[in-house]
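First the structure, in the form of structure tokens, and then the observations on it.
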Amino acid sequence: MVGEHTLPELNYSYDALEPYIDEQTMRLHHSKHHQGYVNGLNKAEKALARARKSGEFGDIRNLERLLAFHGSGHFNHCLFWQNMIPADNYKDPSGDLLSQIKKDFGSLDNLKAQFGAAAKAVEGSGWGFLAWQPAGEQLVTLAAENHQKQTQFTTIPVLALDVWEHAYYLKYQNKRGDYVDNWWNIVNWENVAEQFAAATEYNFDMG
Ligand code: MN
């Protein structure tokens with residue numbers, strides 16, 4: 001429905017990811033930053049609906065930019081929250097997901113090294129992703145700037161790491177690398193496996 005996106009509840013409390021991500025960061029990140037993207041997306045969709053009604057598309061370039069930025073911001077955060085779990089409940093990946101990781105990266109450690117390097121090297125605000133590429137039937141890493149730049153369309157993110165400063169600065173200050181390295185302790189690989197299973201259901205028609 002146009003302009004009716006909502007902020008999802010977290011599956012855990014704001015302090016559940018301590019000590020790797022602190023309570024205050026989680027509270028601000030979810031209730032303020034993520035809510036801002038939800039609001040921005042709804043606003044963009046409603047503005048586009050008004051433009052369709054009036055036939056006035058003079059602001060279309062700006063509206064498409066807002067739609068891409070806030071929409072990606074919203075959806076990326078939805079994935080990011082699900083991809084994490086309290087460290088006490090951490091379990092290494094297994095099954096089909098682990099098999100695919102080994103096939104495409106050689107080992108889980110190799111994946112962590114590549115994904116981590118990509119996330120640490122994002123210029124400014126952005127994201128690290130592990131994504132399923134239907135056309136090549138493989139998992140790939142992507143390093144997005146902002147929420148939506150440098151993506152590869154038709155790939156489906158299954159694991160997302162927010163490396164905007166708002167995700168780590170209160171606790172880690174300028175040490176993004178420490179945040180990225182610590183983050184592996186709270187990755188919810190069972191959720192990643194569910195995202196992966198769903199992503200592999202999508203067959204991109206190469207024509
Ligand atoms: Mn964020």
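Just follow the structure's listing: the first ligand is 1, and inside any ligand the first atom is 1.
- Taking the six-membered ring for Trp and the full ring otherwise, Phe204 and Trp132 have centroids separated by 6.0 Å or more.
- Within Asp162, OD2 is the N, O or S atom that lies nearest to the Mn ion (ligand 1).
- Inter-residue side-chain proximity for Val163 and Tyr179 is flagged as met; some heavy-atom pair is nearer than 4.5 Å.
- Centred on the Mn ion (ligand 1), the angle running from His29 (NE2) to His166 (NE2) is recorded as 90°, rounding to 10°.
- Tyr37 has its ring centre less than 6.0 Å from the ring centre of His147.
- Taking the six-membered ring for Trp, Tyr168 and Trp183 have ring centres at least 6.0 Å apart.
- Within His77, the N/O/S atom positioned nearest the Mn ion (ligand 1) carries the name NE2.
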